[in-house]
Amino acid sequence: MKYSIPRGTYDILPAESYKWQAVISSFRKIAGSFGYEEITTPIFEVAELFERSSGESSDVVQKEMYRFTDRKGREFALRPEGTAPVVRSYVENHLDVLSNRTKLYYIGPMFRYDRPQAGRFRQFYQYGIEFIGSDNPYYDAEVIAIEMLWLKDLGLKNLRLEINSVGCSSCSADYDTALREFFRPLLPQLCADCNNRFDKKPRRLLDCKVPSCKALRGSAPSQLDYLDEACKAHFAIVCEHLESMNIPYTINPGIVRGLDYYTNTAFEVIYEGLGAQNSLAGGGRYNGLIEQVGGKSIPAIGFAGGFERLLLALEHEKINFAEHKTPDAYLICLGDKARSGVMAYLNALRQNGLYVEYDPDKSSLKAQFKAADATNARFAIIIGDSEIEAGTVNLKNLKTGEQQSLPLDGGEVLLHIVQGQV
RNA sequence: GUGGGUGUAGUUCAAUGGCAGAGCACCGGAUUGUGGUUCCGGGCGUUGUGGGUUCGACUCCCAUCACCCACCCCA
């Protein structure tokens with residue numbers, strides 16, 4: 001084999017393709033009913049957009065971004081996430097002038113240079129929701145509700161919603177200070193990663209998995225204790241709204257989103273049964289991002305989810321959410337006269353929306369019937385030379401074996417097949 | 001980037017260092033006009049790739065690539 005697919009990527013073959021279509025159209029439907037409209041941005045952007053928004057020190061920027069220089073020396077990156085591009089487009093196209101409430105969703109591939117693993121790829125597909133224009137906790141709850149209701153509608157059961165508040169820029173700074181005070185004396189005992197992160201992002205020390213680090217942070221201050229009054233109130237109302245929508249959640253102060261732009265609400269949807277990569281979706285509020293990208297100070301909240309993991313989860317629960325299309329009919333032809341006489345008729349059936357299979361290479365009646373069975377066609381349309389002469393077709397129901405002779409004009413056969421579908 | 005496991009036919013898997021095989025799938029046939037069952041026939045594949053050891057390597061060794069799993073990170 002001469003060429004093979006790049007590492008960490010995959011082909012969506014016809015046998016899987018119909019599932020993707022089903023899940024994507026299902027997402028479009030739920031997003032649409034909440035009033036969200038689709039936005040599509042390029043798969044690459046100026047690299048700096050991601051460096052500034054996600055944070056220079058984030059892993060995504062530091063070691064996972066596909067960067068390249070174009071022929072004129074400009075620095076670009078394949079997008080590692082969807083929010084920054086959407087915000088860039090929002091600011092660049094002055095969408096804030098059109099309305100002070102902007103509801104957007106996107107679907108498309110993202111790219112991260114990472115070691116492939118179960119549920120993790122280098123090119124992966126995300127769906128995402130962004131609400132821009134209000135700090136009202138209602139929207140935090142709405143955005144979370146879209147995801148949770150959708151996943152529930154798809155049939156997923158083992159879902160867990162975890163939420164947290166990382167505070168606004170001022171109280172999150174207070175918290176960082178408190179954390180540094182707590183960790184400073186422990187630094188010699190902490191791992192190298194923790195020491196590196198101490199200055200830039202001390203809260204990352206909270207989710208370090210090294211056992212010795214884990215043990216040392218037992219009595220570390222909690223983020224929630226350092227929220228200012230406004231942030232505390234905001235978080236409380238988000239929780240209230242979730243309760244009144246009957247969306248169960250757990251508060252997890254350990255949720256630290258990897259991207260720097262998050263403020264206040266942060267959440268993650270966990271699905272047990274996917275292995276180590278068990279996060280189906282995650283997101284949060286980003287009240288400072290739009291200004292940082294060059295727009296006005298406008299609050300916003302959003303999330304992104306992974307299609308691959310969603311499909312794995314659906315598979316895991318054996319949820320049959322999409323049916324492979326099977327032919328309405330299989331056209332069986334006998335004799336040369338019939339072969340040529342049938343072509344216009346076949347077109348007419350297809351133009352009327354019927355899915356009709358036909359194989360000119362199969363000659364024997366038996367082979368054609370076998371093929372018809374293999375495709376799971378509901379009907380066989382049998383036309384031989386004698387039918388051509390008589391101006392009739394034989395329509396056979398392959399499930400019941402019933403067969404009837406009909407005039408060769410198309411209309412009646414169509415009618416019968418469509419009726420049979422009921 | 002680090003660690004562990006695995007690479008043989010389209011696929012799932014066999015094969016003491018000694019002739020590379022089977023199930024499934026696929027194709028053809030059993031009087032070219034009525035199917036699903038059955039029966040018969042159809043397989044030399046760089047044993048992932050490149051080296052090495054050996055009279056001889058799918059088998060042992062080294063490297064490399066890919067996949068799987070985990071760390072990490074997150075979708």
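Lettering of chains follows the sequences in order, A, B, ..., and the numbering in each one begins at 1.
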message = Less than 4.0 angstrom between a side-chain N/O of Q117(A) and OP1 or OP2 of rA70(B), yes or no?
response = yes

What's D361(A) touching, base or sugar-phosphate or nothing? Going by heavy atoms closer than 4.0 Å. nothing

Whole-Å distance, R7(A) CZ to rG48(B) C1', equals 14 Å

Judged by nearest nucleotide, the residue sitting upstream toward the 5' end of RNA chain B, K366(A) or G119(A), is K366(A)

Practice item. Under 4.0 Å between any heavy atoms, over every strand shown, what does G384(A) touch: base, sugar-phosphate, or nothing? Just pick one. Key: base

Here the distance between atom P of rA75(B) and atom CG of L312(A), to the nearest Å, is 16 Å

Only one of L346(A), L408(A), T392(A) passes side chain to side chain contact (heavy atoms under 4.5 Å, CB included) with I383(A), and that residue is L408(A)

note: K362(A), atom NZ; rC26(B), atom P; distance rounded to Å ~ 10 Å

Considering every strand and a 4.0 Å limit on heavy-atom distances, what is the contact class for G8(A): base, sugar-phosphate, or nothing? sugar-phosphate

Open item on the list: Here's one to test your reading of the geometry: is the NZ or CZ of R79(A) within 45 degrees of the ring axis of F50(A) and under 6.0 Å from its centre?
Closed with: no

Which is true for Y127(A) with a 4.0 Å heavy-atom rule: it touches a base, it touches only sugar-phosphate, or it touches nothing?
nothing

- Message: Can a donor-acceptor pair be found, under 3.5 Å and without considering hydrogens, that links the side chain of E308(A) to the backbone of Y125(A)?
- Response: yes

Checking rC73(B), rC74(B), rG35(B) against the side chain of D59(A) (C-beta onward), the nearest is rC73(B)

Separation of rC27(B) atom P from K370(A) atom NZ, nearest Å, is 9 Å

The nucleotide from rA75(B), rC73(B), rC71(B) with an atom nearest the side chain of E64(A) is rC73(B)

Checking Q292(A), E81(A), R52(A) against Y261(A) for side-chain hydrogen bond (donor to acceptor under 3.5 Å, both in side chains), the one that qualifies is E81(A)

So for R115(A) and rC72(B), does any side-chain atom that can act as donor or acceptor lie under 3.5 Å from a complementary atom in the base? no

- Pick base, sugar-phosphate or nothing for G401(A), based on heavy-atom distances below 4.0 Å to the nucleic acid. base

*Between the base of rC72(B) and the side chain of R120(A), is there any donor-acceptor pair under 3.5 Å?*
yes

Under-4.0 Å salt bridge between K63(A) and D114(A): no

Next item on the list: Could you tell me whether I382(A) contacts a base, only the sugar-phosphate backbone, or nothing, with contacts defined as non-hydrogen atoms closer than 4.0 Å?
Entry: base

Exercise for review: Please work out if E387(A) contacts a base, only the sugar-phosphate, or nothing of the nucleic acid, heavy-atom cut-off 4.0 Å.
Suggested key: base

| request: Compute the ring centroids of Y127(A) and F307(A), then answer whether they are less than 6.0 Å apart. | output: yes

Report task. Go through the N and O atoms of the side chain of Q368(A) and the base of rG33(B), and report whether any donor-acceptor pair is under 3.5 Å. Result -> no

Handout entry: R122(A) side chain to Y113(A) backbone, donor-acceptor under 3.5 Å
Key = no

When rounded to whole Å, the CG to C1' distance for the pair N278(A) and rC73(B) reads 12 Å

Pairing partner of rC72(B), by Watson-Crick or G-U wobble and under 3.5 Å for both distances, is none

Here the distance between atom P of rC74(B) and atom NZ of K63(A), to the nearest Å, is 9 Å

L280(A) CG to rC73(B) P, in whole Å, measures 20 Å

Against the side chain of A276(A), the closest entry in rU32(B), rC73(B), rC71(B) is rC71(B)

Looking only at rA75(B), rU34(B), rC73(B), the nucleotide nearest the Q277(A) side chain is rC73(B)

Practice task
Return the stacking result for rG36(B) and F369(A): yes when the ring centres lie under 5.5 Å apart and the planes under 30°, no otherwise.
Solution key: no

Against the side chain of K396(A), the closest entry in rG35(B), rA75(B), rC74(B) is rG35(B)

Using a distance-only criterion (donor-acceptor N/O pair, under 3.5 Å, no hydrogens), is the base of rG33(B) paired with the side chain of S386(A)? yes

Against the side chain of A118(A), the closest entry in rU38(B), rC69(B), rC68(B) is rC69(B)

To the nearest angstrom, the OH-C1' distance between Y330(A) and rG33(B) comes to 16 Å

Using Watson-Crick geometry (N1-N3 plus N6-O4 or O6-N4) or G-U wobble (N1-O2, O6-N3), each under 3.5 Å, rG36(B) is paired with none

Say we look at rC62(B) and rG5(B): how far apart would their P atoms be, to the nearest angstrom?
12 Å

Of rA75(B), rG35(B), rG1(B), the nucleotide closest to the side chain of L398(A) is rG35(B)

